[in-house]
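First comes the structure, then the notes that go with it.
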Amino acid sequence: MGHAGYAKKSIFGKYQPDVLCAAISALSIATNNALEVLAGEQVETVENAEDGFLKCIFKSVLQEKSVFLMDSYVFALENLCKEYGDKYLQVKFEEV
């Protein structure tokens, strides 16, 4: 949820593309697509690109390969968090 805010201002006063936000978006979309296409999961996706919101609702208990995909996704996000710092990215877990 939200944009990373990592983009830096260039010498001309404009913001450069936010590479961290782009990386998170690419990981999120790729994982969501893999869950649906490769793992055959039924996923309801709610997104709002303007405020950087993405929510995936799983229609059933995840298969083993889907759990692996989600573990890989979290692993990648946690590594980005270590690389760029929790000022720009925080990984939080909620039990629902």
Side-chain angles (χ1 to χ4, degrees):
M1 177 181 346
H3 288 286
Y6 183 76
K8 307 283 188 227
K9 273 191 178 179
S10 71
I11 57 173
F12 304 109
K14 294 183 179 182
Y15 281 96
Q16 298 173 346
D18 192 330
V19 295
L20 181 57
C21 204
I24 295 165
S25 294
L27 279 169
S28 300
I29 292 166
T31 301
N32 189 59
N33 290 342
L35 286 164
E36 290 181 320
V37 176
L38 300 177
E41 297 289 349
Q42 291 187 1
V43 181
E44 178 185 337
T45 305
V46 179
E47 59 184 285
N48 183 331
E50 233 176 81
D51 64 5
F53 180 81
L54 177 69
K55 180 178 184 178
C56 297
I57 303 164
F58 301 101
K59 300 294 184 178
S60 61
V61 176
L62 294 180
Q63 304 170 57
E64 188 176 330
K65 58 185 166 185
S66 301
V67 172
F68 180 78
L69 286 169
M70 289 303 297
D71 286 344
S72 297
Y73 175 64
V74 170
F75 178 76
L77 289 177
E78 288 176 334
N79 281 317
L80 285 172
C81 189
K82 288 176 189 173
E83 180 73 26
Y84 290 93
D86 62 5
K87 176 181 176 184
Y88 301 106
L89 171 63
Q90 297 174 7
V91 179
K92 296 180 182 180
F93 295 94
E94 279 186 34
E95 190 170 327
V96 292

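Note that this is a predicted model, so its numbers are computed, not measured.
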Inset, instruction - Verify the cluster assignment for F93 and V61: are they in a single hydrophobic cluster under the rule of side-chain heavy atoms below 4.5 Å apart? - result: no
Legend entry - V91 reachable from F68 in the ILVMFWY side-chain graph, under 4.5 Å edges: no
Legend entry - L27 with L38, same ILVMFWY side-chain cluster at under 4.5 Å: no
Legend entry - Over all atoms of both residues, closest heavy-atom pair of M70 and L35: SD-CD1, 3.7 Å
Inset, instruction - Mark yes or no for whether N79, through its side chain, and F75, through its backbone, hold a donor-acceptor pair below 3.5 Å. - result: yes
Legend entry - Gap between atom CD of E78 and atom CG of D71 - 0.5 Å precision: 9.5 Å
Legend entry - Residue pair E83, L89: steps toward the side chain to side chain contact (heavy atoms under 4.5 Å, CB included) verdict: CA-CA 10 Å; E83 180 73 26; L89 171 63; over 6 Å; no
Inset, instruction - Would you confirm whether E41, through its side chain, and L62, through its main-chain N or O, come within 3.5 Å as a donor-acceptor pair? - result: no
Inset, instruction - Please round to the nearest 0.5 Å and tell me the distance separating atom CG of L77 and atom CG of L80. - result: 6.5 Å
Legend entry - Same apolar cluster: V19 and Y88, side chain cutoff 4.5 Å: yes
Legend entry - V67-L69 co-clustered via ILVMFWY side chain contacts under 4.5 Å: yes
Legend entry - E47, CD: over 12 other non-hydrogen atoms inside 6.0 angstrom: no
